[in-house]
Number of protein chains: 2
Amino acid sequence: MTAKNESKNSDNAKPTVKEIPDKIVRRLPHYYVQLKNMLNKDVEYVSSEQLASIMGYSSSLIRRDLSHFGQFGKKSYGYDIHCLYSNLHRILGFNHEKSMVIIGAGFLGRALANNKSYEERGYLLRGIFDKDPAIIGLEFNNLRVMDVERAPEFIAENNIDVAALAVPALEAQKTADMLVKAGIKGIWDFTETPVEVPEDIILIEQNMNDGLCKISCKLVQKSK
Amino acid sequence: MTAKNESKNSDNAKPTVKEIPDKIVRRLPHYYVQLKNMLNKDVEYVSSEQLASIMGYSSSLIRRDLSHFGQFGKKSYGYDIHCLYSNLHRILGFNHEKSMVIIGAGFLGRALANNKSYEERGYLLRGIFDKDPAIIGLEFNNLRVMDVERAPEFIAENNIDVAALAVPALEAQKTADMLVKAGIKGIWDFTETPVEVPEDIILIEQNMNDGLCKISCKLVQKSK
DNA sequence: TTTCAATTGTACATTATTTAACAAAAATAA
DNA sequence: TTATTTTTGTTAAATAATGTACAATTGAAA
């Protein structure tokens, strides 16, 4: 019953703004990282063919992906690395400031708190919460862990955009409900259980066990 | 240059064993978890329609996915929950014992060490490694952190199947090379940088920043 | 200036994935 | 027993994603 990536777009006044296909969205960060690595090199342009050989996508897929957002390329030269990079920055929304909290300050929550990539991507880590009195008050990345009881108020008052959900599976749905009620816009879900949210909430499932399953499944296939 | 999911299968002597499409592999763990939740309830059968309404996939997709592996269903009843569950268990390879090590005992590595799902999925956590003398010797989940220098020997001698890679980005490629050389079969990669491995090595990218990017991108799209 | 080479952006073809539709089987009700 | 209902497994249709091919454009070389 979960809403898939529809939006019909017909009741939307704005003329274009065609929704970006999920498949493309998933590749954009890869282009972004690759371009970023190239920024420091002393080349100015890169062709789709060069990107292809580095990244393992076909050159035409790359051209097509990029053409989705306009015409960035320069014929017979390729793409201006700086230009493409900053466009991806914009398309990915990194120029918009977004606020985030982490719910659950176990090892995973702490690992998230130490993530160095937030700033570059426009995220501002505003708070960390836990329910365990032994953890509340500890400090990670200069943020003192707060009682999760205070989270709803904090989220609402500070207009927090995104919550990283790093609580035990049993708390997952309850906590997600709390977040939604508090007005969160997106949930970055690390729990290992399916979570339901209203369809206007952005839910990114970061379930790690899926990866574990995939490896297992592929190992078996290879051993056959 | 990375190998995508090809295998041609033509030079493979074995007759059938058609490779499972990636799209299906990704859904299998979801079926598995859902079925597992149903095991304890007092119903014996579940129809594709019921699964569909719970899981958000269409019923025909579910039937088709499952039919890929044979005919599990019972007409006019649906699927025997126990039977389907244990078949998924087998298809996902959970009945094969797999050994694993964790490379990097920062917060993320420690979170992985505490993962409770390994056993159920047939993984046996055999070792944790780090390069930091201040961390070597600490104990997580009853395993003492070893010096990463000892990893190659340990992996080769114990015939380790899978390594969870939880080291800083700068160490990623070097560590992956070491793992491959030591004879690892699969890498569960949590680093935030692209890693290259020979195409016969199973590489599962668990890059978390991709999720962060996706949320950002979708937030922007919605705000338009 | 003209030709040649490089490389984009896009139309068309192909392949992959999903949905829709339904015949066949099995249970239940009449 | 016969009709009705349910629900699978599968075929065909629809949709989506990717690859191929190439005209158009631009820069560089002749």
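A note on names: the letters A, B, ... follow the listed sequences, proteins ahead of strands, and every chain is numbered from 1.
A donor atom on one side chain and an acceptor atom on the other are found under 3.5 Å apart for A:N209 and A:E192. Judged purely by distance below 3.5 Å, without hydrogens or angles, the side chains of B:H30 and A:D210 pair a donor atom with an acceptor atom.
Checked for salt-bridge contact, B:K218 and A:D22 meet the test: a charged N lies under 4.0 Å from a carboxylate O. Between A:E120 and A:K36 there is a salt bridge, since a side-chain N of the basic residue sits under 4.0 Å from a carboxylate O of the acidic one.
For the pair A:V197 and A:I187, the minimum side-chain heavy-atom distance is below 4.5 Å.
Residues A:S60 and B:L66 both approach DNA chain D. Their nearest nucleotides, taken by heavy-atom distance, put B:L66 toward the 5′ side. Nearest-nucleotide positions on DNA chain C place A:F72 closer to the 5' end than the other of B:R27 and A:F72. With the nearest nucleotide of DNA chain D identified for both A:K74 and B:R64, B:R64 has the one nearer the 5' end.
A close approach under 4.0 Å does occur between a side-chain nitrogen or oxygen of A:Y79 and OP1 or OP2 of C:dG9. Remark: A:S48 is in phosphate contact with C:dT8, judged by side-chain N or O atoms under 4.0 Å from OP1 or OP2. Between B:Q71 and C:dA25, a side-chain N or O to OP1/OP2 separation shorter than 4.0 Å is absent.
Summarising the geometry, the separation between CG on B:L61 and P on D:dT8 is reported as 14 Å, rounded to the nearest angstrom. Atom NZ in A:K75 sits about 6 Å away from atom P in D:dT25, given to the nearest Å. Counting to the nearest Å, the C1' atom of D:dT26 and the CG atom of A:D80 are 15 Å from each other. Look at NE2 on B:H68: it is 12 Å from P on C:dT18, rounded to the nearest Å. Between the CG atom of A:D22 and the P atom of D:dT18 there is a distance of 11 Å, rounded to whole Å. For the pair A:Y45 OH and C:dT8 P, the computed distance is 12 Å after rounding to whole Å. Atom pair A:E49:CD and D:dT20:P shows a separation of 11 Å (rounding to whole Å applied). Atom C1' of nucleotide C:dT8 and atom CG of A:L51 are separated by 13 Å, given to the nearest angstrom.
What you find for A:I128 and A:A113 is that their closest heavy atoms are CD1-CB, 3.7 Å.
The 12-atom threshold is exceeded at NE2 of B:H68, counting heavy atoms of other residues, nucleotides or ligands nearer than 6.0 Å.
With distances taken from any side-chain atom of A:K23 to the nucleotides D:dA17, D:dT8, C:dT17, the minimum falls on D:dA17. You'll find that the side chain of B:S47 is closest to D:dT7, out of C:dT7, D:dT7, C:dT17. For B:R63, the listed nucleotide lying nearest its side chain is C:dA21; candidates were C:dG9, C:dA26, C:dA21.
In the interface, the side chain of A:S76 is paired with the base of D:dT26 through a donor and an acceptor atom under 3.5 Å apart.
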Give me the distances for all protein-to-nucleotides 28-30 of chain C N/O pairs that come in under 3.5 Å?
from: C:dT28; atom 1: OP1; to: B:Y77; atom 2: OH; distance (Å): 3.3

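Residues forming a side chain to side chain donor-acceptor pair (under 3.5 Å) with A:S59 (at least two apart in sequence, or on another chain): A:E49, A:R63.
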